[in-house]
Amino acid sequence: MPELPEVETICRALRDELTGARIRRLDLHARGLRHPFPEGMADCVRGKRIRRIERRAKYILMHLDGGDVLLCHLGMSGRMAIHATIPAERGRHDHVIFTLADGRGLIFSDPRRFGSLELTHETRLEDHPRLAPLGPEPLGNHFSAATLSRALDGRRTAIKQALLDQKTVAGLGNIYVCEALWRSGISPLRQAAGLTESEVADLHGHIRAVLLDAIAAGGSSLRDYRRASGEMGYFQHDFAVYGREGEDCQRPACPGSIERIAQAGRSSFFCPRCQH
DNA sequence: CTACCATCCTGGTTGC
DNA sequence: TGCAACCAGGATGGTA
């Protein structure tokens, strides 16, 4: 479910609340979600302190004592919530429960079970099969108009598809791709390699801008997403196109209305009047 | 490379 | 009101 801004919002809250906390125990109430939980994960993390929490693409990385790293992906419906105490009754989709030494709980729940929780080590983090293929962080220094241009070079697939591909740039999903393309005035149907240099430069800037705007709003709360504190994000009110099929285009003086089409089985929302 | 398909699951919404 | 169809923010591996 969550895309980069939602994961970033959750990550910041977890970082504020959990850095330095010690894990008393980890209880797994499933064999795994998208992937099986690693053998011995609960034993490995027991008693360790959470040293540092960071985000890579849509993954939450929790660095523990000894260099072990928990790699968590929320999939489409995953939630991470901090509780002052462990609730007496386990929720239907609470698959992973961390009990901290101070009595608090961190609960990973995921109705659709597309999320994942894996264990690796700092020394081989970048080689991890989930992380190794990822493209640059869109808000990082290695993502520039030039690197985006290079990533799109020679790709005959639609720009919509190319941007959803995590190898092009990491962390975008359906919502923010639609929004960035609208802000850029570029049709999702355009061939990726066919964008002009100036269009790529616009797109690069708008990808960053829409992500920063969404992070500033605490992410977007559609069905499942909540911040780690349980609060909603608010960026869904600022969508220009996502989920706005039939509504008037918000671009000043544009008489168009938002259309929805399917690309590779996913919905694309755009204004055919001002996105070329 | 590319397009396309299926798959992992559950739950909310829509339409009859 | 009931029920079935459809839809969903993702990632991956297979096929042609």
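Proteins get letters first, then strands, A, B, ... in listed order; numbering begins at 1 in each.
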Student: A/Arg31 side chain N/O closer than 4.0 Å to the phosphate oxygens (OP1, OP2) of B/dC8?
Tutor: no
Student: Tell me which pairs pass side chain to side chain donor-acceptor pair (under 3.5 Å) where either residue lies in residues 179-191 of chain A, with sequence neighbours left out.
Tutor: A/Arg183-A/Asp213, A/Arg190-A/Glu199
Student: Is A/Ser267 close enough to C/dA8 that one of its side-chain N or O atoms is under 4.0 Å from OP1 or OP2 there?
Tutor: yes
Student: Evaluate salt bridge (Lys or Arg N to Asp or Glu O under 4.0 Å) for A/Arg79 paired with A/Asp110, printing each intermediate quantity in order.
Tutor: CA-CA 6 Å; A/Arg79 273 199 218 179; A/Asp110 182 10; over 6 Å; no
Student: Run the side-chain contact (heavy atoms from CB on, under 4.5 Å) test against A/Asp165 and tell me which residues pass, sequence neighbours left out.
Tutor: A/Arg155, A/Lys167, A/Thr168
Student: Rounded to whole Å, please give me the gap between CD in A/Glu6 and C1' in C/dA8.
Tutor: 14 Å
Student: Check each residue of residues 112-122 of chain A for a non-hydrogen atom within less than 4.0 Å of any atom in DNA chain C, then write out the ones that pass by number, or none.
Tutor: A/Arg112, A/Phe114
Student: Could you tell me how far C/dC6 sits from B/dC5 if I compare only their P atoms? Round to whole Å.
Tutor: 16 Å
Student: Hey, what else clusters with A/Ile107 if you join Ile, Leu, Val, Met, Phe, Trp, Tyr whenever side-chain heavy atoms sit under 4.5 Å?
Tutor: A/Ile86, A/Ile97
Student: Anything under 3.5 Å between a protein N or O and an N or O of nucleotides 12-16 of chain C, put it in a table, one pair a line.
Tutor:
from, atom 1, to, atom 2, distance (Å)
C/dT12, O4', A/Arg34, NH2, 3.3

Student: Let me know the distance between CG of A/Asn174 and P of C/dA8, rounded to the nearest Å.
Tutor: 8 Å
Student: To the nearest 0.5 Å, what is the distance between CG on A/Leu181 and CG on A/Leu172?
Tutor: 9.5 Å
Student: Which of these nucleotides, C/dA8, C/dA11, C/dG9, is closest to any side-chain atom of A/His73?
Tutor: C/dA11
Student: Any side-chain N or O of A/Tyr242 under 4.0 Å from OP1/OP2 of C/dG9?
Tutor: yes
Student: Hey, does the side chain of A/Lys58 come within less than 4.0 Å of C/dA11's phosphate (OP1/OP2), counting only N and O?
Tutor: yes
Student: Please give, in whole Å, the distance from C/dC7 C1' to A/Phe269 CZ?
Tutor: 10 Å
Student: Please state how far atom CD in A/Gln263 lies from atom C1' in C/dG10, giving the value in whole angstrom units.
Tutor: 17 Å
Student: On a heavy-atom basis, which atom in A/Ile82 and which in A/Ala13 lie closest, and how many Å separate them?
Tutor: CD1-O, 4.4 Å
Student: Please check if any side-chain donor atom of A/Arg112 sits under 3.5 Å from a side-chain acceptor atom of A/His93, or the reverse.
Tutor: no
Student: Can you list, by chain and residue number, the hydrophobic cluster partners of A/Leu189 when the side-chain cut-off is 4.5 Å?
Tutor: A/Ile261, A/Phe270
Student: Only counting residues at least two apart or in another chain, list the ones meeting side-chain contact (heavy atoms from CB on, under 4.5 Å) with A/Glu245.
Tutor: A/Arg260, A/Phe269
Student: In this structure, how many angstroms lie between the P atom of C/dG9 and the CD atom of A/Gln236, rounded?
Tutor: 15 Å
Student: For A/His93 and B/dC9, is the shortest distance between a side-chain N/O and OP1 or OP2 below 4.0 Å?
Tutor: no
Student: Tell me the closest heavy-atom pair linking A/Gly246 and A/Ser257, and the distance in Å.
Tutor: O-CB, 4.1 Å
Student: Can you tell me the distance, in whole Å, between the CG atom of A/Asp110 and the P atom of B/dT10?
Tutor: 11 Å
Student: Below 4.0 angstrom, which residues in residues 154-169 of chain A have at least one non-hydrogen atom near DNA chain B?
Tutor: A/Gly154, A/Arg155, A/Arg156, A/Thr157
Student: To the nearest angstrom, how far is A/Leu74 atom CG from B/dC9 atom P?
Tutor: 18 Å
Student: Check ring pair (Phe, Tyr, Trp, His ring centres under 6.0 Å) between A/Tyr59 and all other residues, then give those that pass, not counting sequence neighbours.
Tutor: A/His73
Student: Taking Watson-Crick (N1-N3 plus N6-O4 or O6-N4) and G-U wobble (N1-O2, O6-N3), each under 3.5 Å, can you produce the dot-bracket string of DNA chain C? Use [ ] for crossing pairs and | for inter-strand ones.
Tutor: .|||||||.|||||||
Student: Distance check, P atoms only: C/dG9 and B/dT14, in whole angstrom units.
Tutor: 15 Å
Student: Hey, could you give me the OG1/NE2 distance between A/Thr120 and A/His63, rounded to the nearest 0.5 Å?
Tutor: 10.0 Å
Student: Under 4.0 Å between a side-chain N or O of A/Arg266 and OP1 or OP2 of C/dC7?
Tutor: no
Student: I'd like to check the side-chain contact (heavy atoms from CB on, under 4.5 Å) partners of A/Ala21; sequence neighbours left out, ordered by chain and number.
Tutor: A/Leu100, A/Arg104
Student: Quick one: A/Ile175 CD1 to C/dA8 C1', roughly how many Å, whole number?
Tutor: 10 Å
Student: Going by the salt bridge (charged side-chain N to carboxylate O under 4.0 Å, His left out) test, name the single residue among A/Arg51, A/Arg46, A/Arg52 that passes it with A/Asp65.
Tutor: A/Arg51
Student: The criterion is side-chain contact (heavy atoms from CB on, under 4.5 Å); which residues satisfy it with A/Ala145, sequence neighbours excluded?
Tutor: A/Ala201, A/His204
